[in-house]
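The next block holds one structure in the form of structure tokens; read it before the comments.
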Amino acid sequence: MAMQKYSVFSLIKNAFKGHKEWEVAWKDPTPKAEYDVIIIGGGGHGLATAYYLAKEHNISKVAIIEKGWIGGGNVGRNTTIIRSNYMHDENGLFSEFGMNLWRNMSLDLNFNVMFSPRGIINLAHSDAQMNAYSRRGNSMRLNGIDAVLLNREEVRKIIPMADFSENVRFPIFGGLMQPSAGTARHDAVAWGYARQADAMGVDIIQNCEVTGFDVSNGKILGIRTSKGDIKAKKIGLCVAGSTNILAEKLNMTLPIETHLLQACVSEPIKPILDNVVTFGAGHFYCSQSDKGEMVMGGDLDGYNSYAQRGNLPTLQHVLTEGIAMFPFLSKLKMLRTWGGIMDMSMDGSPIIDKTHIEGLYLNCGWCYGGFKATPASGWTFAHTIAQDRPHELNEGYSLNRFRTGHLIDEKGLGTKTWIS
Amino acid sequence: MLHIKCPHCGLRSQNEFSYGGDASVKRPELNKEVSDQDWDNFVYLRKSQRGKHLELWQHISGCRQWIKVERDTFTHEIFKTLKANEEV
Amino acid sequence: MSENFRIEKGGLINRNKKISFKFNGKKYFGFEGDTLASALIANGVHLVGRSFKYHRPRGFFGAGVDEPYAIVQMNRNNEVDPNVRATEQELFEGLEAKSVNCWPNVDFDIGAINNFLGKFFPAGFYYKTFMWPRSFWYKVYEPIIRKAAGFGAASIKHDKERYEHKYEYCDLLITGSGPSGLASAYAAAQNGAKVILAEDKSRFGGSLLTSEVTIGNQSGQEWAEKIISELKSMPNVIVKNRSQVFGYYDHNMLVMSERVSDHLPKTEKYIPKQRLWYIRAKEVIISSGSIERPLVFGNNDTPGVMLSSAAKEYLKIYGVLVGKKPLVFTNNDSGYETAIEFKKNGVDPIVLDTRKDPNSEIIKEAKQLNINIKSSYVVVTAKGYKKVKSADIAKISDDKKNLSNIENIQCDCICVSGFWTPTIHLASQSGNKTKFNDEIDAFIPSQSKQKETTLGSANGIFTLEETLKTSFEKGSELSKQITNKENNVSIPTVVEKKSSNHDKFWCVPLPEGKNYKRFLDFQNDVAVSDIQLALREGYRSIEHVKRYTTLGMATDQGRTSNLNGLQLVSDIENKVVPQVGHTTFRPPYSPVSIGAIVGREIGKHSKPTRKSPMHYWHEKNNAVFVDAGVWLRPRYYKQGNENLFEASKREAKNVRQNVGVCDVTTLGKIDIKGPDSAEFLNRVYTNAWLKLPVGKARYGVMLREDGIVMDDGTTTRISENHYHMTTTTAQAANVLSHLEYYLQLVWPELNVNVVSSTEQWAGAAIAGPKSREVLQKLFPDLNVSNEGLPFMGYMEGNLFGVNAKIYRISFSGELAYEVNVESDNGNYMWEKIMEIGKEFNIQPYGTEALSTLRIEMGHVAGSELDGRTIPYDNSLDGLVSKKKDFIGKRSLSKTAYIAPDRQKVVGVVPLDKKTSIPEGSYIVKDAKAKLPNPKLGHVSASCWSVEYDNPFSLAIIKDGKNMIGQKLFAMSPLKNKTIPVEIVSSHYVDPKGERVRS
């Protein structure tokens, strides 16, 4: 059955029929007894993986198993930033591949994910930091990624509301900008992938909890769920902050810790900020949504947590840096706060790899960077599952790197995952 | 903000402490053979379960002692706190 | 046209004090004690704003925090407040406010065209269009959408207001001063408990201010006043109005925002605008009351439609009629209370009751007052655009499915009551597993996770008698457990009218052929049809419904819409409400000023600033400072018109030729004592420490367990069991924690103590060929010759009367000494050094010259030890002991770390000997290679070599040791630079290190 196409014409046509003829975006099937591939986790990465399995590898006997509702994890609770401003080649090339998928996503999915290349600016507050950003920016440029180094005056022209006053603790020296970076409507990404995956035959099974795995002779055979046992030739684990919970059922310990990251939005105000801006003398980033809310985030709560709720001192700390960067924020009100649980890896970079169990594949360790990676993660994970080997884009994201020492540590902070 | 009972100083707010991660990690002994796997497990693998979690905190703005805290990572309930040399 | 809606007398406002204010440029009058909303309504103004999506006219719906849409922009104290709820803003003389989200004005708003095109804009329409062509979303469609959204406009001016924080501990925190709050606070206070009673509004008493009840022999209002004044007089009680507890966090930490000055024309000096209270409470009583639910019918967002409780509040507290031809539409008895109030004030209301045959004391009273009551009647739709002009009403069948006898009646307001929703936000925030109560069609708290108790209507108890009884008891019981005292308080008798059951019906069906918009979420324009569409399209989880339609996502966080939304989904999906679920409430209960959350840590005070004891000398001598973490360090000392480059070159040259002095106070210093100190250092550092003699220093590198260099520095053996360690400025705190970790947890058998002594010592590095001469004059009694104080030697001395420690260590690569004195003597020492050094041409040098000196010597520092490199990368192989074990050693044998082409630090010189290589450049073989161009490594530090007078850089490149002599390129695409370079040894100057030993 062909999928109903979304367009301005279909919108007008349906308007005259009282919007009574819109079809479901995805069905609510009962699980079959067996699939070629089961993806555990109906978040952005899982949904994208299923979509690319069907689209790129013609594997559509696929089920997504989701404990709650699709898009309810970090894809539904992030600050919507999309960028590829990485220093390390592995991260840069992977993310830039993703940027191309983002640019085409709305048309590819026939779902407006509102990708908005409004540019990201990382502010620098010392020459040393300008040099560190040069190192990052030059690496990006040599990798074919757009990057511009801005001086103080150039920054002032773009974001005059930043603190250029005398009364500033850390004056702005300049910044690194990636003009092609931006934001997207987070929920739409999950829904867009879900709708297309569903149309291509993927079963999206919600409210279905994985309770165990069927492993025999080092080979995965299927899963046990709250809706019964399901067999599968291959299984992809794609559950971000819940990775350790499922890994425990497989007797696996991973170089991953689960931590809480909070974010908040202000009340909506008229457009004032077009770009995404990050503070250099601490951890704070900010953009303005299409609704007018200032979307703000920063530090981890700083201790292992599975609670999707945080404490105020962390937000106080984050907002202190917010006002240090944008003093006008002081007059706004904090409207809504939320928390997401992050799969923090021991070098700050993700893992997309096979495991020691045949047929079991792992996708985790996204730290704070999961949302922007959604399409590239899905694309490369689909490849890894379908071909039973990583694509060159995700070769560096191996589990083995902790053994060999080929770590990808953007921040140079090592294994203390809670220090951001 | 968590309220942590330092076994040396008493109940204090969390902002006096800094976190130290999984307390079950045991460093291999010095000058002893250790396999690659055991070493890497020590360096990179952490218990990070949902529920009861034994972890380290340092009372950094207080007595500077490292302490062990048994806390639920989902509810944040603290069951007990111990001195560095005490076992659960 | 401004008609007066103020009744002759009554209300709690101060009629003796008239207040003038401006709204949308027009001048009006109100009274002291008014809110902006009550004063506007008194002046007949009901149109205050426009809705988010369709830009429909918006008026007042509530009378306080329940208000979903009356948001204005305010000017106060010469500052702009972009989003202020008019129902909460107290009136003050000279208040100026204007409407938001409308252009050119609220009366005529271009954006309202959306309303007429509304049928093309159902929920989620933007996901289905604006996709083609690709770039149009960001360039064309989105800017239009962005402009149309948002409420007030923020000023980019810095906020001049003052915000403060306060920390409190108490036995009982009580949130809300209605009957349950007052009774529990009173009982607890009598038992000697330390109580904080917080009231969101300016007036204490909650529902007692508007209800017709008798407590003991007093009216509810009098009783509330009496209790409050008694509580205020008790030393163990803090009573706060204008104070909202907005967040319930872990371990019974609650946060309250006190609006100290928002109700005043300006903030007095030294008084904050708002104060944030962090309160750690042993027990929390949630007495936050309940909010009336809307009934849903056609065009129920028209200005003039409002909650019946709000209409009653405007009348009883502010003496204001919300209309003169009121229609009361109710499914329970509460609407009758409002109707009776209207009647008592000479206005004839019509009551439409959805119930067939309602009967209760209050209905009897209404009937006795000859109020026109129509049973089994509903409002089908409100009529009027900017204000209600009439309503279509109809008889509804017993099964509530069919409408008949539709007629139009004149009215100027419609007061709705769809029963009550307990305010359970704080309980839910605390982790309470709330449960659905079928009797009241709403959630109430159930299993507590923390120490909280919910009382009164917040707990679903709607009779005053039971509320008071349980609240007195609970307040007494909880406080007794803490104070062990019990002073019994007698529970007063209560006279109140008994209510009959409410009708579960709340959403009026559409009449045949009509397509009225029936709104659930008034601010975000979410209508019944939007929810139906979401469900039709498969967005069936309540979270999907909310996100797809934006229900409950507005600035009121769905206080009046959430429950109706759940009810609707449960009706359509044929599930009971608890199966549909409900979203978890998260702080804040109501939006909180970001300024208040941050408090005083703004501007210069956003982070601490640390200064050395010599700071003011540097300042006086034209130092230009640089931030080094939270420290300020002199970067260079400006002479005449010098720039950074010229000054640092001069300073560095003077060190190489004569002698310079550098403030090194910021270095981390750790005192290490105990019989096992040597063994400990031997485990911490990569090199050997067991044989270091007393009076000698040694350079050491410490690793993390993953083999990465953590820090470097020198440690000196002061006496047998006493060492003095230095760390880099940046890592000082981390290193101390690291040492404590190993001593306390890993090797507790070692008898060693460590303590930070960074603040105890001021340090000056005296460097250069003439430094010994300076030192000799500073310490004439000491033998500081190369034999008396050899390289890496240590001695103590007396510097013109103060004790000093002298370390012969060098970062600059020159003959150098570091002199430390107690911090208080730092400036004295510095001045003495400058005085003595004058004849040797001593000059102070800053961090920039220091960098130059270390770079051309090939000494690695922070830019090489960047948390990603191992000792081998930094040519520190000689410091890695093969014999002994140490922290991180086992990791150094990883495949990547022992690879033959492993990266290594090298020197880089431009072939033209002129072009400086920007730091952060990359070394490549082929400057014209196709992208991605493979990189050999990066340039970590650059300087102008004062020794050779040409640029010199350090780089960490792949297979560094075999690259010496190669001609490659340094590329900085950011700066558009490609520089042909030669790779040389990193030890560019004095490769054998002879100078430091001279």
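To find a chain, count down the sequence lines: A is the first, B the second, and so on, and within it residues start at 1.
- There is a side-chain donor-acceptor pair under 3.5 Å between N101(C) and K270(A).
- For S155(C), the part sitting under 4.5 Å from any heavy atom of chain A is the backbone (N, CA, C, O) and nothing else.
- The backbone N or O of T415(A) sits nowhere less than 3.5 Å from a side-chain atom of D706(C) that would complete a donor-acceptor pair.
- Considering only heavy atoms from C-beta on, R118(A) comes within 4.5 Å of Y138(C) through its side chain.
- At most 12 heavy atoms of other shown residues, nucleotides or ligands fall within 6.0 angstrom of atom CZ in R540(C).
- Using a 4.5 Å cut-off between heavy atoms, I323(A) touches chain C through its side chain atoms alone.
- Interface summary for chain C: among A15(A), G292(A), S116(A), the most heavy-atom pairs under 4.5 angstrom belong to S116(A).
- Judged by distance alone, with hydrogens and angles left aside, the side-chain atoms of R868(C) form a donor-acceptor pair with the main-chain N or O of D409(A) at under 3.5 Å.
- For a residue to count as touching a neighbouring chain, one of its non-hydrogen atoms must lie under 4.5 Å from one of that chain's; by this rule E601(C) touches chain A with backbone and side chain alike.
- For Q429(C), the part lying under 4.5 angstrom from a heavy atom of chain A is the backbone only.
- Among all heavy-atom pairs drawn from T337(A) and P588(C), the shortest one is CG2-CD, 4.2 Å.
- Between the side chains of K894(C) and T404(A), no donor N or O sits under 3.5 Å from an acceptor N or O.
- Interface remark: L974(C) contributes backbone and side-chain atoms alike to the contact with chain A (heavy atom separation under 4.5 Å).
- Between K331(A) and D159(C), at least one side-chain N (NZ, or NE/NH1/NH2) sits under 4.0 Å from a carboxylate O, which counts as a salt bridge.
- Interface remark: M253(C) contributes no atoms to any contact with chain A (heavy atom separation under 4.5 Å).
- Contact of V939(C) with chain A is not made at all, since no heavy-atom distance falls under 4.5 Å.
- With salt bridges taken as basic N to acidic carboxylate O contacts below 4.0 Å, none links E166(A) and K604(C).
- For Y248(C), the part sitting under 4.5 Å from any heavy atom of chain A is the backbone (N, CA, C, O) and nothing else.
- Inter-residue side-chain proximity for V592(C) and K333(A) is flagged as unmet; no heavy-atom pair is nearer than 4.5 Å.
- Each of K53(C), M553(C), R146(C) was evaluated against K291(A); a single residue qualifies, M553(C), per the side chain to side chain contact (heavy atoms under 4.5 Å, CB included) test.
- In this structure, a donor-acceptor pair under 3.5 Å is absent between the side chains of D627(C) and S126(A).
- The shortest distance between side-chain heavy atoms of Y141(C) and M114(A) does not fall below 4.5 Å.
- At least one side-chain heavy atom of K119(C) sits under 4.5 Å from a side-chain heavy atom of F16(A).
- Proximity to chain A (any heavy atom under 4.5 Å) is shown, for I597(C), by both the backbone and the side chain.
- Side chains of Y539(C) and W26(A) form a contact here, defined as non-hydrogen atoms less than 4.5 Å apart.
- The parts of R547(C) that come within reach of chain A are both its backbone and its side chain, each placing non-hydrogen atoms under 4.5 angstrom from that chain.
- No side-chain N or O of K128(C) forms a donor-acceptor pair with one of N110(A) less than 3.5 Å apart.
- For chain A, no part of A941(C) is nearby; none of its heavy atoms comes within less than 4.5 Å.
- Neither the backbone nor the side chain of A596(C) has a heavy atom closer than 4.5 Å to any heavy atom of chain A.
- Using the six-membered ring where Trp is involved, H544(C) and W191(A) have ring planes that are perpendicular, over 60° apart on the 30 and 60° scheme.
- Using a 4.5 Å cut-off between heavy atoms, D866(C) touches chain A through backbone and side chain atoms alike.
- Taking each heavy atom of D290(A) and A149(C) in turn, the nearest pair found is O-CB, 3.2 Å.
- When heavy atoms are compared at a cutoff of 4.5 Å, V626(C) does not approach chain A at all.
- Scanning for side chain to side chain donor-acceptor pair (under 3.5 Å) contacts around S165(A) gives D163(A), with sequence neighbours left out.
- Side chains of R169(A) and H605(C) form no contact here, defined as non-hydrogen atoms less than 4.5 Å apart.
- M971(C) touches chain A through backbone and side chain together, each having a heavy atom under 4.5 Å away.
- Ion pair R536(C)/E23(A) not flagged as a salt bridge, since none of the NZ, NE, NH1 or NH2 atoms sits closer than 4.0 Å to an Asp/Glu carboxylate oxygen.
- The nearest pair of heavy atoms linking G920(C) to N138(A) is O-ND2, 2.8 Å.
- R135(A) has no carboxylate O lying under 4.0 Å from a charged side-chain N of E919(C), or vice versa, which leaves the two without a salt bridge.
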Given the rule in the side chain to side chain donor-acceptor pair (under 3.5 Å) test, do R185(A) and Y126(C) qualify, once you have shown the distances and angles that lead to the verdict?
CA-CA 11 Å; R185(A) 172 87 185 107; Y126(C) 30 75; 6.0 Å; no
When you look at K20(A) and L533(C), which way does the side chain to side chain contact (heavy atoms under 4.5 Å, CB included) test go after all the steps?
CA-CA 8 Å; K20(A) 296 261 185 324; L533(C) 176 66; over 6 Å; no
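- With sequence neighbours excluded, the residues forming a side chain to side chain contact (heavy atoms under 4.5 Å, CB included) with S106(A) are N112(A), V113(A), M131(C), listed by chain and number.
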